Structure formats: structure tokens, C-alpha cells
Amino acid sequence: MATLKDFRDERLRKLKDLRTLGVDPYPANSNRSVDISEITENIDQILADAGEDKNGTSVNIVGRIQSIRSFGKLAFITISDFSGEIQLFLEKDKVEPFDAEHNLGMENIKLLDTGDFISATGDIGKSKTGETSVFVQSLRLLTKAIRPLPTQLTNKEERFRRRYVDMAVNSEVRDRFVRRSKFWQATRDFLNDNDFIEINIPVLEHTTGGADANPFVTSMDALDHQEFYLRISHELPLKRLLGAGYERVYDLGPRFRNENVSDEHLPEHIAMEWYAAYWDWQDGMRFMEKMYKYVLEQTFGTLKFNVKGFDIDMSGEWEVWDYSETIKKHYDIDVHTSTLDEVKKALQDAKLEVEQTENRARGIDKLWKNIRKDVAGPVWLVNTPKFISPLSKSNPDGVTTQRFQPVVAGSELGNGFSELNDPIDQLDRFLEQQDMRDAGDDEAMMLDIDFVEMLEYGMPPACGWGFSERVFWTFEGVTAKEGVPFPQLKHEIDNTTKEIYPHINFHHKKGQGNEKEDLSE
């Protein structure tokens, strides 16, 4: 049975033959005149406009070879570009002869393979079987593929490790990231249309905060190897911009949380946060209902979804749930007065994990998450306790905060609140979080004294909001790894690669070179 190495060796032989003929197998120019879909979707109109003389039907198209059928004087090649697929019809007496600088002849088709990229010039028409075709006059090689694409790819490990192959073979995967792009474009459009300004803020921070998360740590040589963190949130720098006088700002980009990989979480992912001066949480909640509807409609063309077995309609008015009332209803404990022992007992009764370093805030959050997993939504969760929300403004009761979180299909798909702008209150909450860190909670927030100082200069009342691409993953109906183009995996070199490149030391140290393979041999 032929192996990948066997197929590759045969293609290397063809590559050598092409170069011997004087053909450049990797030219720079391609000169496409039309996308394939412009032909296939409008073929009848094109032919009607052209009339019997076929005036104006000559095109130059490009694409990747999907299949080749050659019968001596006739050949049929199916190619695809990003927009679609079309048949090339080649007839020996009508294809221009071989010219090393410009054209491949019919006799050179045997040097082509599936996966190669080619350019074809000819008239548009229909074959005797009625298939839309380009009747080729000239054919040119654009890229010689040395490895064959598989006809199908289903192994998840292989798909993730060679995602470019996955996307080339599985069009539904490729199309997913078109929708992902639309999701973020619609997000930007909605914010820009509502007078928000996108301002990119640093990824590297001296002190990181804005979320309960364990950060990645690095250092900067240019600053005497000082320790830096990859941001876990966009929050604190954006709120500094409110203190600087901006009124509506946002940033959209990666954030990093050095935690577990799950169906809903990746250590690196894309997120967006906005902050609006002179808004409160009620303003933000109304704004985000509109934004969700706009973004989802633009991305998916619908507001009705089936996600994780939940039938969800995002078009109506959302329910509002009170945090304390919800916990009381399910566990019969008071969020604000319960002891740590009572929280632990509720966790045990619900058959939830009780850690040695458990604290009230973390324990109560686990209880809520156990409720959340069965919520279809959309629901707004409001009035979160103050000790769980260290960066949000308090309600007049002094124990709850002006926070709002959307719950859909068992997940929280965002987070917003009236921003805390009292520097003394903020410092007290930072110190409380620092005590939690000192007690062993690595996810508790760091003390950011510079942020406190900014608040002392004054920050207007404001509302803030953030969500990650988990919103897209949820409505797309995929896991986190499926929802990003190139998920992080443990690095490894497979045995086939080692066999193909025996001259490479894949474990060589920095500074040691390797011999280059002659790909024409």
C-alpha cells in the first residue's frame, strides 16, 4: 500500500521534470479576471448576453485542482477557489501548445496532481451534459503541491494539528471562520455606529487584573528583565481612558488566562470590552440586548437557535433573575449571611467539589454555576453580591452590585456593570482580593495601585461590558477548539514527518543548523 512518502516522492519527481522543462512551478503572478462563483451563479445570463458569437465570455480563472480525468485528446479538470467549483474542459486541438514561460500543453497534464494550483483561460459554456465549464485555451501551473490532500479528514487530532488541511478538505470548517469574522465585524460596526472609539491597549502589563484568572508570566529584556503578565482582561487600561476624558471606548483582541482547556475555555482567546461614561448598568443592559440581536442576525441570519439541546429565541424580551433570590430558591441559604460551613454543606449536598482552600465567594459561585448549567435563557442575572464583584459599583443596599450577566444555554456569555469609581472603596476591595491571593487563591485580583491613583484624579460614572468569542462558539454550536482556527496543542513531531525529513534534528539546540533538503530531487 502506497504511503504518504511514496506519493510525495512521485510528486517530487514531477516537480523535477517540470523544472527540467524550464517551467517555474511557483510563479508570482496569476492574473485572475473573475471568481468562479460569478460564472456558476450567472451562467445562463452570461450566455444569453453573449449570443451565438460568445462575445465577452472569455475569462481567466484560478484555483486548486480537485480532480483530473484525462483521456488522451480530452481532459476534464475540476478546480475550486474560495467562492466555488467549476469544470475545465480541455481538447487537444484547442489548447495552446507547451511554452515553458506561459503554457502547459496537453502532454504535460500528466505532471499535474490534485492539490496543485493552476490558471486557465478560455470561453465559458456548457458541456454536452449541461455542466457549466470553461473551454480551456491556455493552461498554466501556479503552485505544485508536493503532498496530496486527503479526500476526507475526520480524525480530530489530525484536523487540529493540520488545520489548513482540515479547512481545505472540510468546507464547513472553512465557512465557520467566515462567520467568526462576520461576528467580530458586526460587533465593531455596532459599536462604531454608536460613537464608540476603538483604542488598542497593551497586552503586556506590570500588574494584570479585571478578572478572576491565573495569568501567563513573562519578562522584558529591554527593561532589565522585569516581570510582565499577559493581560487577562482589557478592563483596567480602558477605564484609565475614561479617566483621560474619552467617553466611549472599546478594544477587541486576544487575552490570556493560564488555566484549563475545556469545551468553553481556551487559555488564549479573542475578547471585546467597551466602557461608556455617564451610563449605568441599566443603560448597558438595554444596549447589549440590541447589540446581541444585531450581531447574531448579521452573523447567522436568524435569532432562533438550538444550542446544546436548548431551543433559544433571542428576539424577545429577556427575563431578569436576582442572584440572591435564585440561590435561596435552590439551596435555601442566604448569600449574604451564610457561613463558610453552610456554603460547604450546600456544595456537598449538591454533590459538588469542596476544595481545601474553599472560600465563601468561590463556593457560592460554584453553587450558582450548578444552577446555570440548566438555564436555557436568554436571562439577565443581576444584583450579584459585592464580595463576588470586586470592580463593580454597589447598589444602595450596600451588599449587592449593579452587575448584569447574560445566561444562554447554560453559560454566562458576557459581563457588565456600573463601574466602581470610588478610589477608597476600590482600594478596600483590592486589599480584600490580595488577602485571598495570600491565602492561596491564585485567581484573585492583584492590587493595582496605579489604577487606584487614576480613580483619585477622577473617573466619571460609567458602565462597562465584556464578552469573548465564547458567544460565537455557543451559537455556532461548537467547542472552543473547534471554534478557533489553530487551537494550541502539545507540540510533537509525528513519525511520518521524521521519516520524510531524516536529515533534520528536530531536537537541535538554538544556534545549530540543519542541512536543507533539495526538493527538486
Side-chain angles (χ1 to χ4, degrees), residues 30 32-42 61-66 78-86 115 117 132 142-143 145 149-154 156 158-193 198 250-255 263-264 266 268-272 291-308 312 314-315 408-409 411 413-414 467-489:
S30 55
R32 170 163 55 180
S33 67
V34 65
D35 291 340
I36 288 174
S37 64
E38 293 180 56
I39 301 171
T40 57
E41 293 174 7
N42 303 290
I61 59 173
V62 298
R64 185 179 227 153
I65 296 177
Q66 301 298 320
T78 301
I79 67 169
S80 66
D81 65 7
F82 191 77
S83 72
E85 188 174 279
I86 198 168
F117 289 85
T132 299
L142 299 179
T143 298
L149 285 172
T151 55
Q152 61 178 1
L153 186 63
T154 58
K156 186 175 290 188
E158 181 68 12
R159 288 178 51 240
F160 288 162
R161 289 200 176 276
R162 293 184 174 85
R163 204 56 184 274
Y164 45 88
V165 177
D166 184 24
M167 296 178 194
V169 173
N170 297 315
S171 60
E172 70 277 8
V173 176
R174 186 193 68 185
D175 293 343
R176 175 176 305 144
F177 298 107
V178 175
R179 289 189 292 274
R180 183 175 180 252
S181 178
K182 288 181 179 179
F183 176 87
W184 287 123
Q185 185 60 53
T187 298
R188 278 193 166 96
D189 289 345
F190 190 84
L191 290 168
N192 292 342
D193 289 345
E198 182 175 9
Y250 75 96
D251 190 18
L252 197 166
R255 69 185 183 195
D263 286 350
E264 292 191 346
L266 294 177
E268 177 187 357
H269 55 270
I270 302 299
M272 181 283 302
M291 183 170 173
Y292 267 101
K293 292 171 184 178
Y294 175 83
V295 171
L296 293 174
E297 182 72 43
Q298 292 297 309
T299 304
F300 299 103
T302 183
L303 292 176
K304 295 183 178 180
F305 302 86
N306 184 275
V307 178
K308 304 175 188 175
I312 298 164
M314 299 294 289
S315 64
V408 180
S411 296
L413 297 185
F467 65 33
S468 75
E469 59 183 316
R470 185 152 54 94
V471 177
F472 172 76
W473 303 337
T474 297
F475 289 100
E476 178 74 9
V478 295
T479 63
K481 283 185 178 180
E482 289 284 7
V484 296
F486 302 104
Q488 272 99 11
L489 303 168

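From a predicted model like this one, the values you see are computed outputs, not experimental measurements. Residues take their numbers from the sequence shown, with the count starting at 1.
Here the side chain of Glu38 pairs a donor or acceptor atom with the backbone of Asp35 at under 3.5 angstrom. A donor-acceptor pair under 3.5 Å is formed between the side chain of Arg176 and the backbone N or O of Glu482. In this structure a side-chain-to-backbone donor-acceptor pair under 3.5 Å is present from Ser468 to Arg470. Of the possible donor and acceptor atoms, one in the side chain of Asp81 sits under 3.5 Å from a partner among the backbone N and O of Ser83.
How far CD1 of Ile270 is from CZ of Phe467: 12.5 Å, rounded to the nearest 0.5 Å. The structure places CZ of Arg32 at 10.0 Å from CG of Leu142, a figure rounded to the nearest 0.5 Å. Note that the CD1 atom of Ile39 and the CD atom of Glu41 stand 11.0 Å from one another [nearest 0.5 Å]. With values rounded to the nearest 0.5 angstrom, Gln66 atom CD is found 8.0 Å from Thr78 atom OG1. Atom CG of Asp166 and atom CZ of Arg161 lie 13.5 Å apart (nearest 0.5 Å). Atom-to-atom distance recorded for Ile36:CD1 and Thr132:OG1 is 11.5 Å, nearest 0.5 angstrom.
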Are Phe305 and Phe300 close enough, and set up right, to give a ring pair (Phe, Tyr, Trp, His ring centres under 6.0 Å), and what steps lead you there? CA-CA 10 Å; Phe305 302 86; Phe300 299 103; 5.5 Å; yes

Under the side-chain contact (heavy atoms from CB on, under 4.5 Å) criterion, do Lys304 and Met314 qualify, and how do the steps go? CA-CA 6 Å; Lys304 295 183 178 180; Met314 299 294 289; over 6 Å; no

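Contact check for Val408 versus Val307: no side-chain heavy atoms found under the 4.5 Å cut-off. The shortest distance between side-chain heavy atoms of Leu489 and Lys481 falls below 4.5 Å. Side-chain contact between Val178 and Phe82: present, with at least one pair of heavy atoms (C-beta onward) separated by less than 4.5 Å. Looking at Asn192 and Tyr250, their side chains come closer than 4.5 Å, going by heavy atoms from C-beta outward. Using a 4.5 Å heavy-atom cutoff, the side chains of Gln298 and Asp189 are not in contact.
Nearest heavy atoms, Ile312 versus Ala409: CD1-CB, 3.7 Å. Ala480 and Trp473 make their closest contact through CB-CZ3, 3.4 Å (heavy atoms, listed as atom of the first residue, atom of the second, distance). Minimum heavy-atom separation, Tyr294 to Ala186: CE2-O, 3.5 Å. Residues Ser315 and Lys293 come closest through the heavy atom pair O-NZ, 3.2 Å. Pairing each heavy atom of Ile79 with each of Gly63, the nearest pair is CD1-N, 4.0 Å. Looking at every heavy atom in both residues, Val169 comes nearest to Pro150 through CG2-O, 3.4 Å.
The one candidate from Thr299, Leu303, Leu413 that meets the side chain to side chain contact (heavy atoms under 4.5 Å, CB included) condition with Phe475 is Leu413.
Ionic pairing of Arg64 and Glu85 is not present here: no N-O contact between side-chain nitrogen and carboxylate oxygen is shorter than 4.0 angstrom. Taking a cutoff of 4.0 Å between a charged side-chain nitrogen and a carboxylate oxygen, Glu158 and Arg162 qualify as a salt bridge.
Not a single side chain to side chain donor-acceptor pair (under 3.5 Å) links Thr187 to another residue, sequence neighbours left out. Under the salt bridge (Lys or Arg N to Asp or Glu O under 4.0 Å) criterion, Arg179 pairs with Glu476, sequence neighbours left out. Partners of Arg180 under the salt bridge (Lys or Arg N to Asp or Glu O under 4.0 Å) rule, at least two apart in sequence or in another chain, are Glu469.
Shown here is Lys182, whose NZ atom has no more than 12 heavy atoms of other residues, nucleotides or ligands within 6.0 Å. Heavy-atom contacts from other residues, nucleotides or ligands closer than 6.0 Å to CD of Glu172 number more than 12.
A side-chain N or O of Gln488 and one of Glu268 form a donor-acceptor pair less than 3.5 Å apart.
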